[in-house]
Structure formats: C-alpha cells, structure tokens
Number of protein chains: 2
Amino acid sequence: MSQDGPIRVILVDDHKHIHDAVSTLLNQQADIQLVGQASNGFEVVRLCDELKPDVILMDVVMPGMNGVEATRQIREKHPHIKILVLSSFQDDASVHEMLANGANGYVLKGAIALDLADTIRTTYQGKSVFSNEVAQMLLRPNRDEQQQTFGLTDREQEVIKLMADGLNNNEIAHRLFISRSTVKFHIANIVQKMGVETRAEAIVLAAKNGLI
Amino acid sequence: MSQDGPIRVILVDDHKHIHDAVSTLLNQQADIQLVGQASNGFEVVRLCDELKPDVILMDVVMPGMNGVEATRQIREKHPHIKILVLSSFQDDASVHEMLANGANGYVLKGAIALDLADTIRTTYQGKSVFSNEVAQMLLRPNRDEQQQTFGLTDREQEVIKLMADGLNNNEIAHRLFISRSTVKFHIANIVQKMGVETRAEAIVLAAKNGLI
DNA sequence: CGCACACCTGTCCTTGTGGATAGGTGTTGT
DNA sequence: ACAACACCTATCCACAAGGACAGGTGTGCG
C-alpha cells in the first residue's frame with residue numbers, strides 16, 4: 001500500500017471539461033499520475049486490463065455502459081482497484097447503487113476543485129471518502145420517509161399505534177376512553193387517508209414508514 | 001474553506017504514544033499545525049473555546065468525559081470544527097454514536113500511520129473519511145436483524161407476506177391454492193413462533209424486521 | 001355568526017377472525 | 001421402519017371487524 005511509484009489514475013467521464021480540469025489538477029501532483037482517460041463504461045473496463053491503475057475516477061451517468069455496471073465489472077475482475085465516484089449531483093439511487101457495487105468513495109464534482117489530490121491519496125490508502133452531503137445521506141437512511149404521517153391527526157396516530165400493538169377495537173376503545181364506534185370511525189379514516197384497503201395494510205405501511 | 005494559514009489541529013487521546021506519533025507525523029507537514037493536545041473530553045471542550053481549531057482528532061474511550069459527549073458539546077458550540085474520530089478498534093456502537101453526534105470521519109488508529117495528513121486535509125475540505133472497515137459497517141446497517149425469520153418456514157413466510165398485503169384469510173387461501181383452514185393454521189403457527197398475541201402484532205414485527 | 005374540522009357516538013347487518021380440536025400426506029434423516 | 005417436521009384440511013362457535021348511515025360537541029377562523 002505504500003507508494004513505490006506514483007498513484008496511477010484513470011478518469012472516466014463523458015464531458016471534456018471535466019477531463020481538462022482533472023488533468024490540470026493532477027499534473028501538479030508528483031505522486032499522482034493520470035495514466036488513462038475514458039468516456040464510457042466499456043472503455044474503462046478495457047483500459048483496466050491494459051493499464052492496471054490504482055484508482056479510477058468514475059462518473060455515474062454516461063452513454064453506453066454506465067458507471068454502476070462498469071464499477072461492478074471492475075470490482076469483480078480487479079478487486080484491488082479503488083473506485084472513486086465523481087457525481088454531478090446528489091442522486092440518492094446512484095449513491096447506494098454505486099457503493100453496493102463496490103465503489104470506495106463518492107464525491108460531488110462541485111467539490112473536486114478544492115483538492116482532488118488529497119481525496120485520491122486518501123482513497124488509495126484504503127479509506128472511504130464521501131462528500132459531506134453524501135455521508136449525511138448514508139447516515140440517515142430514509143429520514144424523509146420517517147416524516148410520512150399521511151396527514152393523520154394526532155388521535156389517528158394514537159389509534160394506529162395501538163392497532164400495531166395488536167389491540168382490537170374494544171381494547172383500543174378502553175385504552176383511549178372512547179367508544180368502540182369511535183375507534184372504528186378513526187380506523188376507517190386512517191385506512192382512507194393512507195390509501196389502503198384494510199387495517200392490516202395500514203399497519204404495514206405505518207411500520208415501514210416508521211410511524212409506529 | 002481554502003487554506004489561508006495552516007490547518008489548526010487539536011489531538012485528544014489519553015495515550016502518550018499516540019500523542020508522540022501524531023506529533024511526529026504532523027510536524028513534517030507545512031500546512032498542518034498541531035496547536036493543542038488534550039487527554040480527555042473536558043480539556044478539549046475548554047481548549048476549543050481558547051484555540052479555535054479547524055480539526056479535532058478525537059479518541060472515543062477516555063477517562064472522564066468520553067469522546068461521544070465531547071463531540072456532542074463541540075458540535076453544538078462550534079459547528080464549523082471538523083471532528084475526526086480516531087478509534088482503537090471497530091466498535092459498532094461508538095461508530096454510530098459518534099457520527100450521530102456530529103463526527104465528520106472515523107478512522108482506525110492502525111491506519112493513521114499511512115497518511116494522517118491527507119486524511120486531515122480531506123476532512124478539512126468538508127468531506128467525510130472513514131476507514132474501509134467503518135464504511136462497510138455504515139453501508140450494511142443491521143444486516144443481522146434482517147435475517148430474523150423467527151424460525152418461520154417458507155410457507156409461513158409466504159403467508160405473512162400476503163397478510164401484510166392486506167389479504168384476508170380467504171384471499172390468501174385462493175392465492176396459495178390451499179384452504180382457508182390451512183391459512184388459519186399457518187397464521188396460528190406464525191403468531192405462536194413470533195411470540196405475539198395477534199396477527200396484527202405479527203405483521204408489525206415482520207415489517208420492522210424487514211421480513212416483508 | 002357560520003364554516004371547517006377534529007373528535008366523538010350510535011345502529012344494523014354481513015363477513016371475517018380466533019381458538020380449540022382432530023386429524024391426513026409427503027419428505028427427510030437416523 | 002420410524003420419528004420428526006412441513007404442510008394440508010375440517011368443523012364449531014363466540015366474537016370482532018367492515019361498511020354504511022346519521023348524527024352530536026368543541027375549537028379556531030374570517
């Protein structure tokens with residue numbers, strides 16, 4: 001892992017200005033060498049066999065084979081190559097998909113100007129680097145979904161929690177000091193507001209959305 | 001975010017040899033300055049007010065105030081200070097706890113020798129850095145819990161999934177080409193195996209454990 | 001005041017569920 | 001061959017839930 005020669009890097013991106021910017025940045029670094037460039041997944045997979053890079057800077061969205069599939073194939077054939085994702089924007093789906101397929105880091109292009117070289121070195125050393133926005137996303141999986149209340153009123157939320165505890169209508173009624181009729185009324189509203197057909201579905205939806 | 005002066009760093013650790021090692025490493029770096037050292041949480045909280053560091057290298061396990069509480073307090077009073085956790089070992093609980101309290105990165109001490117300077121620079125630039133072991137842990141949250149099947153047989157798992165879709169016993173029976181009686185039999189077994197009282201509770205438990 | 005809305009209650013009737021009980025068939029491993 | 005286990009089926013009955021009405025009360029707002 002210690003550097004004998006320079007860190008060999010391949011850049012994969014289908015935008016010329018990214019190539020120019022990265023070249024300029026990395027050419028100033030003695031310990032990092034940009035050994036190849038590709039503009040889609042097919043090219044980089046082929047280049048890996050040929051150039052044996054240490055680190056790949058990979059875009060996600062590209063014509064032909066995209067970054068996800070390219071990452072998967074490279075990870076399979078060359079497990080030692082570090083793959084650092086350069087994404088144009090915060091794309092929830094691609095973050096998880098790229099990392100699940102073996103990417104070692106995920107930084108937003110907006111941040112690369114600052115110091116891409118350090119990021120490459122850190123990744124090369126076996127650490128994972130994420131732009132803070134990306135790290136936040138990883139640390140709070142589905143924080144948005146947890147806020148889903150489906151427009152349920154306070155009382156309705158109390159009722160669905162008791163439903164989830166397995167109480168039947170009578171038990172809920174006693175617990176809340178209301179009549180069985182009222183409980184049924186609330187449940188009917190809950191089911192309707194949640195857009196489901198039965199109380200069972202409402203419970204599952206609520207559970208999946210952290211409402212319970 | 002661009003460096004006018006050097007990156008000002010405080011080290012917090014209760015082991016002298018870590019202090020020595022970090023000092024040695026960082027003294028070689030022109031752009032990083034070790035401006036203070038502390039050996040517990042109380043000291044670093046006080047030092048932060050006084051020294052206004054850019055980055056804190058924080059141990060987790062310390063006498064007196066531990067790293068978690070120190071991180072929380074510093075994050076609250078000085079939101080701009082980056083906190084990089086240096087952990088002696090992979091401690092599942094502390095990873096999540098430290099990050100939840102605002103740590104910006106989490107690296108294992110075994111890896112710092114390689115290049116702590118790059119890690120500090122990368123963190124300073126607003127990215128999150130994690131040792132790969134730690135990143136793996138973040139990417140697979142509660143893999144164990146998802147394996148919870150409560151000893152349900154294949155058929156029982158099919159049944160509970162249909163229950164969760166809101167199907168009643170008759171519909172489940174039709175869907176699985178079995179009788180209503182059999183469905184009731186399976187549900188009774190499911191409820192019993194899951195250690196709950198009602199089908200509603202079984203559904204919630206299943207939903208919470210990713211069984212559905 | 002009048003409206004909206006959360007909240008509460010009742011009745012009637014059909015259908016579904018819970019629980020107990022008592023079996024049968026087919027596969028797998030000792 | 002026998003046991004263990006998954007899987008399937010049936011019957012009986014009390015009770016719960018669902019759906020459709022048709023209301024009443026209290027609070028906040030324009």
Side-chain angles (χ1 to χ4, degrees), chain A residues 143-212, chain B residues 143-212:
Chain A
R143 161 76 49 110
D144 325 314
E145 292 179 277
Q146 295 197 348
Q147 296 299 60
Q148 272 278 45
T149 59
F150 301 95
L152 298 188
T153 65
D154 295 347
R155 199 55 156 178
E156 285 160 357
Q157 293 191 37
E158 286 185 87
V159 171
I160 201 170
K161 276 175 191 141
L162 294 176
M163 286 166 67
D165 287 339
L167 276 61
N168 65 29
N169 291 355
N170 265 331
E171 293 169 323
I172 295 172
H174 284 125
R175 189 75 70 89
L176 297 180
F177 306 106
I178 57 182
S179 79
R180 183 168 164 275
S181 300
T182 305
V183 173
K184 288 172 69 175
F185 168 82
H186 285 312
I187 293 176
N189 289 329
I190 289 168
V191 165
Q192 181 260 312
K193 284 185 182 176
M194 293 181 90
V196 292
E197 297 287 318
T198 67
R199 60 164 49 202
E201 288 175 279
I203 292 173
V204 175
L205 237 191
K208 287 186 177 170
N209 286 284
L211 207 67
I212 294 170
Chain B
R143 166 73 49 105
D144 325 312
E145 291 180 279
Q146 293 196 353
Q147 295 298 61
Q148 270 278 47
T149 60
F150 302 96
L152 298 188
T153 65
D154 294 348
R155 199 55 154 176
E156 286 161 356
Q157 293 190 38
E158 286 186 89
V159 171
I160 202 171
K161 275 174 192 142
L162 294 176
M163 285 166 68
D165 288 339
L167 275 61
N168 66 29
N169 291 356
N170 268 328
E171 292 171 322
I172 294 173
H174 284 125
R175 189 74 72 89
L176 297 179
F177 305 106
I178 57 182
S179 79
R180 190 175 92 89
S181 301
T182 306
V183 174
K184 288 173 69 176
F185 170 81
H186 285 312
I187 294 175
N189 288 330
I190 289 168
V191 165
Q192 181 258 312
K193 284 187 184 176
M194 295 181 87
V196 293
E197 296 288 319
T198 67
R199 59 166 51 205
E201 288 175 279
I203 291 173
V204 175
L205 236 191
K208 287 186 177 170
N209 285 281
L211 208 67
I212 295 171

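Reminder, nothing fancy here: chain letters follow the sequence lines and each chain counts from 1. What you are looking at is a predicted structure, and each value in this text was computed from that prediction instead of being measured.
- At dT9(C), one or more side-chain N or O atoms of Ser179(A) fall inside 4.0 Å of OP1 or OP2 (strictly under the cut-off).
- Taking every heavy atom of both residues into account, Arg180(A) and Asn169(A) meet most closely at CG-CB, 4.1 Å.
- Whole-Å rounding puts the Asn170(A) CG to dA14(D) C1' distance at 13 Å.
- Of the residues near DNA chain C, Lys193(A) and Ile178(A), the one whose nearest nucleotide (by heavy atom distance) lies more toward the 5' end is Lys193(A).
- Distance Lys184(A) NZ to dG16(C) C1': 12 Å, rounded to the nearest Å.
- At the phosphate of dC7(C), neither OP1 nor OP2 sits under 4.0 Å from any side-chain N or O atom of His186(A).
- Looking at which nucleotide of DNA chain D each of Phe185(A) and Phe185(B) is closest to, the 5′-most match is held by Phe185(B).
- Taking 4.0 angstrom as the limit, Thr153(A) places a side-chain polar atom (N or O) nearer than this to OP1 or OP2 of dC7(C).
- One atom, NE2 of His174(B), and another, C1' of dG16(C), lie 14 Å apart when rounded to the nearest Å.
- Between Ile190(A) atom CD1 and dA17(D) atom C1' there is a gap of 14 Å when expressed in whole angstrom units.
- Atom CG of Asn189(A) and atom P of dA20(D) are 13 Å apart (whole Å).
- One atom, CD of Glu171(A), and another, P of dA17(D), lie 8 Å apart when rounded to the nearest Å.
- Here Thr182(A) lies in heavy-atom contact (under 4.0 Å) with a base.
- For dA17(D), the base has a donor-acceptor partner in the side chain of Arg180(A) [N/O atoms by modelled type, under 3.5 angstrom].
- In this structure, the CZ atom of Arg199(A) is 14 Å from the C1' atom of dT15(C), given to the nearest Å.
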- [ ] Evaluate the criterion side-chain contact (heavy atoms from CB on, under 4.5 Å) for residue pair Val191(B) and Glu201(B); output intermediate values, then yes/no.
- [x] CA-CA 8 Å; Val191(B) 165; Glu201(B) 288 175 279; over 6 Å; no

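- When each of dC7(D), dA17(D), dC8(C) is scored by its nearest atom to the side-chain atoms of Arg155(A), the top-ranked nucleotide is dC8(C).
- Using a 4.5 Å cut-off on side-chain heavy atoms (C-beta onward), Glu171(A) and Arg175(A) make no contact.
- Here the side chain of Asn169(A) is nearest to one of dC8(D), dC8(C), dG18(D), namely dG18(D).
- Atom CG of Leu205(A) sits about 4.5 Å away from atom CZ of Phe150(A), to the nearest 0.5 Å.
- Taking atom CD1 of residue Ile187(A) and atom P of nucleotide dA16(D), one finds them 13 Å apart after rounding to whole Å.
- The pair Lys161(B)-Glu158(B) does not meet the salt-bridge criterion, since no charged nitrogen lies less than 4.0 angstrom from a carboxylate oxygen.
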